[in-house]
There are 4 protein chains.
Amino acid sequence: MAGCPAPRRGRPRSAAADRAILDATRTALVEVGWSKLTMGEVARRAGVAKTTLYRRWAAKSELVVDAVAVLFDELELPDGGSLRADVEGVVLSFAALLRRPETKTALMAVLAESTTDEALRRRIRAAIVDRQKRLVLDGRARAQRRGELPPDSADPAETERVVDLIFDVIAGAVVHRSLVSDCPVDGAWAATFTTLLLDGLGSASAPRAGEPPGP
Amino acid sequence: MAGCPAPRRGRPRSAAADRAILDATRTALVEVGWSKLTMGEVARRAGVAKTTLYRRWAAKSELVVDAVAVLFDELELPDGGSLRADVEGVVLSFAALLRRPETKTALMAVLAESTTDEALRRRIRAAIVDRQKRLVLDGRARAQRRGELPPDSADPAETERVVDLIFDVIAGAVVHRSLVSDCPVDGAWAATFTTLLLDGLGSASAPRAGEPPGP
Amino acid sequence: MAGCPAPRRGRPRSAAADRAILDATRTALVEVGWSKLTMGEVARRAGVAKTTLYRRWAAKSELVVDAVAVLFDELELPDGGSLRADVEGVVLSFAALLRRPETKTALMAVLAESTTDEALRRRIRAAIVDRQKRLVLDGRARAQRRGELPPDSADPAETERVVDLIFDVIAGAVVHRSLVSDCPVDGAWAATFTTLLLDGLGSASAPRAGEPPGP
Amino acid sequence: MAGCPAPRRGRPRSAAADRAILDATRTALVEVGWSKLTMGEVARRAGVAKTTLYRRWAAKSELVVDAVAVLFDELELPDGGSLRADVEGVVLSFAALLRRPETKTALMAVLAESTTDEALRRRIRAAIVDRQKRLVLDGRARAQRRGELPPDSADPAETERVVDLIFDVIAGAVVHRSLVSDCPVDGAWAATFTTLLLDGLGSASAPRAGEPPGP
DNA sequence: TCGTAAGCGAGACGGTACGTCTAGTCTTTCA
DNA sequence: TGAAAGACTAGACGTACCGTCTCGCTTACGA
């Protein structure tokens, strides 16, 4: 954040209020859902005046983006020893995150708002989406060290295209399975999905030949 | 509606009102977005009283589901002559549908509402999601006829699992790319994605060996 | 007035709500005073929604004008048998009205608002001020019948000028004594004032010669 | 500035701030009216912190009393040579004062507040009302010197009663005519009013016999 | 053919939440 | 150490919709 050299006259903003507001937003989101989440209720729970809230966030959606962004940062990718294990791991931990009520409600709601709000779209990408790509980058680097994937292409743009694609496929599939198809993302599904991702449709359509998909 | 044996006394409901309401819902959705779409505004645009609207739909989300469901029925899968062509075709036509403002706004918004509303979730699946699976089933059957994919497994549940998986991967990837990553789904992306889907991560990561991904 | 030929579509306004609001306004005014009288509190006391209130009155001051106007209509002028008795009677009953907390508070407050609001000024004159002139007209007519005052001038404008003057002098003196000088308007003051009004400053300054000022 | 030995750690802007605040109060009062006059706005216009303002005046009404009190001190009563001329003079100059927007707005507003605030009532009397009685006393003394009025009664309380009465009648009539009846106080009205005051209702009702009321 | 039951428009109703504004108070930093 | 700047709590403001409820029609069926 390269130096905020403004001497900031007047009383500084309360960091405690910031924290209380974000906490209150998350708990309220779980209890009442997105559409009944009101700025007034968040303020009440945080023990803060509405003006304090509006001084920091102009709209409910921006507040919620910031409140849930931190949850996505909890995602990690422990080394499973193989590309397959790493993919299954990230699928399962992402699915676990999406099972939490505040996460799934908030994510879809702010995405819905963002379809007609360019600024919100940028904020979501910066606070949530782009930060998850590190998982794909990490897993890919590990697999390359293990020799499971070829090294990066000479063209950095080509590499970025592939990383983006893999990210969209994994995240998209998990989100669609969880929230649209409304089916559980369990070990069996993760295994089948990983097979499809690694080996393609031909192999996934006849998995019997190779390994069993179920646990 | 299979036998509505109630003699339906009194003045019958106006079919014209139904049509006007759904049309007004779609155009209003484009113009003002989900969160500013109000029942009163829909009624005003449809030239209808609010009571008439509430007599048919209990909530904004149900109305919107019905209003946009018909758009998804427009999706078709012309025979492209090969599995690869069919996949690329469905990806591009689904992406085109999601570029329409009313579709993307409505889809994400009702999905967001549905995270805390089981009845709405069922309605969305019935009116929108499940009807798209036919595209996967059609494409798969064609590919099997062409010999590009092995015939159905003996276990129908296994077949359903695979179809659901493919559906989640294709739809999820396109939705995520379009609405979350906010990047265009063009021919190049469709080609690379299809390669990944058909041949797996190993091939997609080094596509140079086989065919060029761009058009 | 005279015929409301509009067919009055939609649900008609509730007369009960009107009454409840005006009653609530008066009692709230007594209890909390003008500056702490809020539209929300009036609505709460009247058991009515704020919107119902704003549908009828655009501002607190207009509501209060209507609420207290009826109190001024209670003023009457019983025939005291002489001009002197009639003047003293109207002075004392007007003073009694101004002793009521809701009256004095409301009157001064709306007059203050009206100094920067032409519409409010008109409303006050129509609802409150002009209706009191009947007291002057009645008293004057009686005195003329008794021979205590000469008959009307041939010029109606001249008559109106005199009536307005007498009205301003009586009402102004009572209001100023009550609310500005903050002294009681009792029988003694009423008698002295009436002497001044009837006979002029010379007589009032030396009342000992004539009659005693006290009751 | 070499010889400015003031260490002045304390309050270097105190007197300037006072003046700036009172000036800002008056100009703001003219521009926005009483009910939209806010402490914050006065502070902003005066270039002063809100704290500085609250350190000196506890409430808006007290501030306004002090801000407009000085305007009332401008009233003077030049000797017109006769009681009639003096009365007409004071009526006209008081009316001119009440034509100024800040005066009339402020006067009625603080009087309205004072109906539920004893301390404010005292402050108004001390700062505004009582200081005007000197005009009545002066005029009366002059008239007595000229022989137009009898000398003071032996009883000082009786004298005070008469002075108060005259004050209430003159000030009340002018205020009522100006702010309640909302009619101009011009030379004609002043003449008619003075006739009534000096000679009583009988004469005023038939002024044709004596002198013409118009200018 | 006529009654009657439901649908229709309009719009008022009691509510909830909005986002803004103001009142006063409470820290900061500057001079 | 007082004044400016401005963040703080508290709560009213007037507006927008909500979903429900009269109203006075209109429309179609069935007796």
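As the structure is a computational prediction, the values presented were derived from the model and not from experiment. Computed from heavy atoms alone, side chains included, the values below leave out hydrogens, waters and symmetry copies. Naming convention: chains lettered A, B, ... in sequence-line order (proteins, then strands); numbering from 1 in each chain.
- As a whole-Å value, the separation of E41(C) CD from dC13(F) C1' is 15 Å.
- With hydrogens and angles ignored, no donor-acceptor pair closer than 3.5 Å exists between the side chain of R9(A) and the base of dT29(E).
- If you measure from atom CZ of R44(B) to atom P of dA16(F), you get 13 Å, rounded to the nearest angstrom.
- Whole-Å rounding puts the W57(B) CH2 to dC18(F) P distance at 15 Å.
- As rounded to whole Å, 15 Å separates atom C1' of dG24(E) from atom CG of L63(D).
- Looking at the side chain of P12(B), the nearest of the listed nucleotides dC23(F), dA23(E), dA28(F) is dA28(F).
- For V48(C), whose side chain is taken as the heavy atoms from C-beta onward, the closest listed nucleotide among dG14(E), dC8(E), dG6(F) is dG14(E).
- The shortest side-chain heavy-atom distance between W34(A) and T115(B) does not fall under the 4.5 Å cut-off.
- If you measure from atom OH of Y54(B) to atom P of dC8(E), you get 16 Å, rounded to the nearest angstrom.
- Of the two residues near DNA chain E, A58(A) and D18(B), the one whose nearest nucleotide lies more 5' is D18(B).
- Summary of the strand contacts: K36(A) and K36(D) both lie near DNA chain E, and taking for each the nucleotide with the nearest heavy atom, the more 5' one is attributed to K36(A).
- The structure places CD of E62(B) at 4.5 Å from CZ of R123(B), a figure rounded to the nearest 0.5 Å.
- The side chain of M39(B) sits closest to dG19(F) out of dG19(F), dA4(F), dT15(F).
- Checked against dG15(E), dA5(F), dC13(E), the side chain of A49(C) finds its nearest nucleotide in dG15(E).
- For the pair E31(D) and R45(D), the salt-bridge criterion is met [side-chain N within less than 4.0 Å of a carboxylate O].
- Within the 4.0 Å cut-off from OP1 or OP2 of dC13(E), at least one side-chain nitrogen or oxygen of R55(C) is found.
- Candidate nucleotides dT25(E), dG19(E), dT9(F) were compared by shortest atom distance to the side chain of K50(D), and dT25(E) ranks first.
- Going from atom OG of S114(D) over to atom CZ of R125(D) covers 9.0 Å, rounded to the nearest 0.5 Å.
- Ranking dA7(F), dC18(F), dG14(E) by closeness to the T51(C) side chain, first place goes to dG14(E).
- Between the C1' atom of dA23(E) and the CD atom of E62(D) lies a distance of 15 Å, rounded to the nearest Å.
- Rounded to an integer number of Å, the gap from R45(D) CZ to dT22(E) P is 12 Å.
- The CG-C1' distance, from L37(B) to dC18(F), rounds to 13 Å in whole Å.
- Side-chain N/O atoms of R11(C) and base N/O atoms of dC21(F) include a donor-acceptor pair closer than 3.5 Å.
- Applying side chain to side chain contact (heavy atoms under 4.5 Å, CB included) to V64(C) and the options L22(C), L29(C), T105(C), L107(C) leaves one that passes, L29(C).
- Contact between the side-chain N/O atoms of T52(C) and the OP1/OP2 oxygens of dG14(E) is found at a separation under 4.0 Å.
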